[in-house]
Amino acid sequence: MTYHADEKGYYGQFGGAFIPEMLYPNTEELRQNYLQIMEEPSFVKEFRALLKDYVGRPTPLYFAKRLSDKYKTKIYLKREDLCHTGAHKVNNTIGQILMAKRLGKTRIIAETGAGQHGVATATVCALMGIECVVYMGEIDIARQAPNVARMKMLGAEVRPALSGSRTLKDATNEAIRDWINNPVNTHYIIGSVVGPHPYPDMVARFQSVISEEIQSQLLEKEGIPNPDYVVACVGGGSNAAGTYYHYLDNEDVGIIAVEAAGKGVNSGESAATSALGKVGIIHGSKTLLMQTQDGQITEPYSISAGLDYPGVGPMHAHLFTSGRGEFISITDDEAMTAGLMVSQLEGIIPAIETAHAFAIFGQRKFAQDDIVVINLSGRGDKDLQAYIDYFKL
Ligand SMILES: *Cc1c(COP(=O)(O)O)cnc(C)c1O
């Protein structure tokens, strides 16, 4: 029994590669090569060196004393907010740009919603001197001006997606179209553990450096490598996949996934994909997604732009349906309150995505000697305006 992907990219009944015929050569080239490339000593060496010297890894595992006192349990924070660019996403884009180079690709495309993945992609393209095109919904371009400016400053071209709801899923469709038209020279950097096989497994492996470091850091601090619980917020699920990775098959370690309930799970304005989702296919993967009776994808809502994806990665769909993971839904209000609390208790302003993970202590009690590791996926600088508006600061 394993909670990792099988060789066809299935996590239980979820995953696989449901793609148009014309995309087959692209994903097939990646599928046939990704594991071998990731194991090459020269790849490992270059990846590790960039994570250390460019990203700033290992990120600290910090014992949050005041938070622990407040909730009467032992809380550690894995500080992905201290990564270059301010979140975990760069772990994946560094891995994928090196993969693209090994595959002989000279052009990168990506999709982005809030712009965070676009920035992480534009960053590594600048680092490597590779052409970068980021697709972004026209509505999102207007909403996320600072990240659009960052991408442009980093030398990327931001192409507006003008169809449909002009948001993330439309940008993804445009990126897929581009990839079909440019199969030889272009690599598509997907930003989370979503999409057709091998993306979910490949991205999880790149992000697994998070749980690898937690194991050795906890061993140093507590004399044991395994906490009682690992906690992460879930949008597509990449920071969560990285946090759980080395614990997936160790059932002594509890897995807690935190989803965005928006204005309430049953309010009609939510992004609680597992709680509300039905089995379906989105962006080449069989998973749980929010959809209408006749299978139209429902537009998700969350105050945090990084969590409002209508689907969830297949690993998480499997963790949910198998019961291996405990899924908790957190509303906008609960998340914002938790974000302010962590800022004032620990001197760390978290991203609103991450603030959802901190809000679980309002719903979920832990034993006094439990060790709970929360992945602090990103810093809140990008969300300052949202905090200001919400709290009238
Ligand atoms: C993008 C983002 C997320 C959500 O993406 P996952 O793939 O679910 O990790 C969470 N936190 C931060 C800070 C982000 O930027």
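Every heavy atom of this structure was used, including side-chain atoms; hydrogens, water molecules and symmetry mates were not. Ligands are counted one by one from 1 in listed order, and the atoms in each one are counted from 1 as well.
In the model, Tyr188 has a side-chain atom that pairs as donor or acceptor with a side-chain atom of Glu111 under 3.5 Å. The closest side-chain donor-acceptor pair between Asp201 and Tyr34 falls under 3.5 angstrom.
Between the choices Asp81, Asn239, Val193, the shortest heavy-atom distance to atom 9 (O) of ligand 1 belongs to Asn239.
By the 6.0 Å and 45° rule, Arg324 does not stack over the aromatic ring of Tyr244.
Classified by interplanar angle (parallel below 30°, tilted 30° to 60°, perpendicular above 60°), the ring pair His318/Tyr3 is tilted.
Hydrophobic clustering (ILVMFWY, side-chain heavy atoms < 4.5 Å, transitive): Met336 and Val342 are in distinct clusters.
Tested against Met202, the residues His197, Gln96, Gln207 include a single side-chain contact (heavy atoms from CB on, under 4.5 Å) partner, Gln96.
Atom numbering of ligand 1 starts at 1 in the shown order; those under 4.0 Å from a heavy atom of Gly378 are 13 (C). The ligand atoms of ligand 1 that sit less than 4.0 angstrom from a heavy atom of Gly306 are 4 (C). Residue-ligand proximity, Lys89 to ligand 1, at heavy-atom distances under 4.0 Å covers atoms 1 (C), 2 (C), 3 (C), 14 (C), 15 (O). For ligand 1, the atoms closer than 4.0 angstrom to any heavy atom of Ala351 are 13 (C). For ligand 1, the atoms sitting less than 4.0 Å from at least one non-hydrogen atom of Gly235 are 8 (O), numbered in the order shown with element in parentheses.
A salt bridge links Asp140 with Arg143: at least one charged nitrogen is closer than 4.0 Å to a carboxylate oxygen. In summary, Glu46 and Arg102 engage in a salt bridge, as defined by a charged side-chain N under 4.0 Å from a carboxylate O.
If you look at His117 next to ligand 1, there are no close heavy atoms at all, none under 4.0 Å. With a 4.0 Å heavy-atom cut-off, ligand 1 is reached by the backbone of Ser238 and by its side chain too.
The shortest contact between atom 10 (C) of ligand 1 and any protein heavy atom is with Glu353 CB, 3.5 Å.
Considering backbone and side-chain N/O of Ser192, one or more are found under 3.5 Å from N/O of ligand 1. Between Ala87 and ligand 1, no N or O atom pair is found at a separation short of 3.5 Å. Any N or O atom pair closer than 3.5 Å counts here, and Ser377 shares at least one such pair with ligand 1. The shortest N or O to N or O distance between Gly236 and ligand 1 is below 3.5 Å.
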Discussion item. As a quick check of understanding, evaluate salt bridge (Lys or Arg N to Asp or Glu O under 4.0 Å) for Glu80 and Arg57, giving each step before the final call.
Written reply: CA-CA 9 Å; Glu80 294 301 291; Arg57 305 203 72 93; 2.7 Å; yes
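Using 4.0 Å as the threshold, His88 has a heavy atom nearer than that to some atom of ligand 1.
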